[in-house]
Structures are given as structure tokens and as C-alpha cells.
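Note sheet for the following structure.
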Amino acid sequence: MIAQLADPRDLDALLGRIQFRPRASLEGEVAGRWARGDRPTPGPRPVGNKLVWLGVLLLLLGAVLYLVQSGFGGLAQVRTVDRCCEDFDGGGDRDDGMLVVSRQGSDVQRLAIYEDLDGSRSYTAGDALRFDRSGRPSLQQPLTAGMRTFELCCRDYDGGGPADDAVVIMALPPDRIAMAAIYERLPAAGDKSLR
Amino acid sequence: MPDSRIHSSSPEAAPAGRQSRAHAWYEAYGQAVYSYVRFHVASADEADDVTAETFLKVLAAEERFDPQRGEARVWIFRIAQNTLRDHHRRSRVRRHTSLGAMRDLVADAPTAEERLLWEEEVSRLLAAVADLGERDREVIGLRYGSGMDTATVAQVLGVRESAVRTRLWRALGRLRVLLEEDTP
């Protein structure tokens, strides 16, 4: 008969005919077990679920640790400070601006120095980039004769709040910059390292 | 063949006393629960164990049963579902049916030969049901094993009746494919 089941409705009818009957003594057995104080066995602990929850817990813990380590928000806490205008390249004119992108106002991710050619007192498309770096400070030009190192202090260059940042620059006047970094002035405990 | 799986007596109204109430619960739902369980296990012995365990749980929990919150049969079948799940978790044995294990099958066959043919057919059907996914097996077991209508099955599963109908229709389609593949 199964071979002739062309339609699920036939299957429905066939399955509907199936009935099982427990042995007649089962009812008495249940009542007897209950009377003897036999109680249902507790179900096995769902190990799979436990492992899933443990995994979820570890993931959450990892996420929390990541957030704590990255300063609660990563990209959301990135700050950009545009300071204009100073003489950053030693050229003699106070026509240079500095753009600092930092995380949490301390970890410098990008530092650029531009010449404010259009006089807008901020970085715009018409300005000339004299120096641009990301990450740690490094020399971008070979050290040559005539190169000068100078320091400007103190302003809030990193957006951290207080005007306690200094900038140190190695430049070949009038407009070539080999290295630029900022650091925090901490009179009591010494300066923080270049960043 | 008349469907005698669920009796119309009301165990909630049974006289006080655990023994008489145990009798009332079993009288009303014993065969339906057993038949539902039997759709999911390979042998009558396994079905006995799971059914007995289900009714022990019913007796242990009956004081917490609140008829205002739902029908008794829905409550009982949820207990049966959980008991069956625990049983499968414990045994971790692949379910299958085999010939000769159908001593508990109800048959109105007039001859021994017809009964054997019916047993063979049911064995093949249940073997195919065992190869279905859990959701399909569950809805087929509740609908055909317990003999409940789709509205009550929906209450047990906590879904809408239309969802049960759709699930059932798809499960039957997949079952038919399995049976066709199995046909020599």
C-alpha cells in the first residue's frame, strides 16, 4: 500500500489508522511504583545548553575586555584636533596648522602639518601638506645639514582637555619637515614619551 | 476503527486520593501518551518506560496543574515531550523499528496474515518517520500518535494552528519522499 502513496492525503489517512495499546498491566505498574515511593528521575543536565551558555559568557567577557582595553568605544572615541596657526616648519611665518587624530585624546593615530595657503585657519583642500604620518613618530626625511629641532609648548594638541601638550619638530626650513611628535608635559612625574 | 486513544472522562474531577487520581489520569490519557511515545521509540518496552515515567511526573506535579491556564491534555503532552527528550538524551541510541516488535500495535485484521502485513507496513512507516528531522517527527507523533486534532497539537507546541497544518503537510511530503526512496 505504501508504494501507492501518490498524495500526502493518503499518507495522512494511513498514519491516522495507526494505534498502539500499552500492555494492560502498565497502569497498575505506575500506581504500584508511586505507592512504593518511586519518584520520577530528574532529567539529565543539558550539557549542550551549558556549553552554549559558557561560550556565550566567554564571548561577552571577551567583548567587555576588548571594550575596556580599547577605551569603551574604539572609533567612537576618536578625536580630531586642528590647530592653526603656528610656525611649525621654521619658515618664519605663523601660517602652519597641525592636524592630530587621536584616540581617547592620548593615543596619536595620525599627525599632519599643513601650510594654510588659503588663510582659512583650518585644514582645507587648498592647503599644502608638509608632513603626514600615522602611528609612532619616525624620520620621514634623511637628516641633513641645516636641519633644526624646535619645541612648542603648551596647548591641547591631542584633544585630551588641558593645554599640557608640547610638539617637537625636526625641520629643514623653510618648509621641509622630517619628524613631528607630541608629548604631554607632566611636571611632577616627568614628560610622557613621544607619540 | 474508532479512535479510543483519549477518553472523555475528566481526571481533574476525580475523587481525592493519589491512587484514584492516578487511575483517572491514566484512564483518560494512558493510551494516547503511549501511542505518541511509541511513534518515537523502537520498542514496546521503551514506550512502557517512557509512559510510566511520564505518569509518575504527572502525579508528582498534579498539584501545580492549574486548569484555568490550559487543558489537561496539553499539560500532559508537554510532560510527555520532555520525558521523551530526556529519554533520548540518556539513551543516545538511534531510533529504529524492526519487525516482530509490534506486539502493541492495534489491528482489526481478520487473519494472521493481514495482521503481519499491517505490522510490516507500520514498521516501514515508523522507520521512515525516524529518519525525518526532529520537528517533523514531533508534529507527526503528536498528530497521529496521540490522535489529537491540529488545534490541540498547536497548543502543545505553542504555535498557531495554521503553522501546525503547514508543518504537518511538509512533513508528510518529506515522509513520502523517504518512503519512495525506500521502495525497491
In Å, rounded to the nearest 0.5 Å, how long is the span from CZ of B/R143 to CG of A/D12? 6.0 Å
Tell me whether A/I177 shares a hydrophobic cluster with A/V81, the cluster being built from Ile, Leu, Val, Met, Phe, Trp, Tyr side chains joined at under 4.5 Å. no
Are A/E27 and B/F55 side-chain neighbours, meaning at least one heavy-atom pair lies under 4.5 Å? no
Does B/D104 pair with A/R23 as a salt bridge, N-O distance under 4.0 Å? no
Exceeds 12 heavy-atom contacts within 6.0 angstrom, atom CZ of B/R78: yes
Distance, nearest 0.5 Å, that separates CZ of B/R176 from CG of A/D10: 9.0 Å
Is it true that the NZ or CZ of A/R9 lies under 6.0 Å from the centre of B/W169's six-membered ring and within 45 degrees of the ring axis? no
Hey, does B/Y26 have a side-chain heavy atom less than 4.5 Å from the side chain of A/P22? yes
Under 4.5 Å from any heavy atom of chain A - which part of B/A47: neither
For atom CZ of B/R160, decide whether the heavy atoms of other residues, nucleotides or ligands shown that lie under 6.0 angstrom number more than 12. no
NZ/NE/NH1/NH2 to OD/OE distance under 4.0 Å, A/R33 and B/E53: yes
Say you draw a straight line from CZ of B/R38 to CZ of A/R21; how long is it, rounded to the nearest 0.5 Å? 14.0 Å
Is there a continuous path of hydrophobic side-chain contacts, each under 4.5 Å between heavy atoms, that joins A/V100 to A/Y114? no
Looking at CG of B/L56 and CD of A/E29, how far apart are the two atoms once the value is rounded to the nearest 0.5 Å? 9.5 Å
Can you check whether B/Y144 reaches A/I18 side chain to side chain, under 4.5 Å on heavy atoms? no
Using a 4.5 Å cut-off on heavy atoms from C-beta on, say whether the side chain of A/F20 contacts that of B/F39. yes
Enter the distance from A/L11:CG to B/L172:CG here, rounded to the nearest 0.5 Å. 5.0 Å
Should A/L129 and A/M170 be regarded as members of a common hydrophobic cluster, given that ILVMFWY residues are connected when their side-chain heavy atoms come within less than 4.5 Å of each other, either directly or indirectly? no
According to a hydrophobic-cluster definition based on side-chain heavy atoms being under 4.5 Å apart (Ile, Leu, Val, Met, Phe, Trp, Tyr only), do A/V168 and A/L99 belong together? no
Identify which part of B/L175 has an atom lying under 4.5 Å from any heavy atom of chain A, answering side chain, backbone, both or neither. both
Do the side chains of B/K57 and A/R39 get nearer than 4.5 Å, heavy atoms only? no
Hey, any chance A/M98 and A/Y123 share a hydrophobic cluster, counting ILVMFWY side chains that come within less than 4.5 Å of each other, even indirectly? no
Using the rule given for side-chain contact (heavy atoms from CB on, under 4.5 Å), can you reason through B/V122 versus A/L14, listing the C-alpha separation, both sets of side-chain angles and the distance that settles it, and then say yes or no? CA-CA 9 Å; B/V122 172; A/L14 190 60; over 6 Å; no
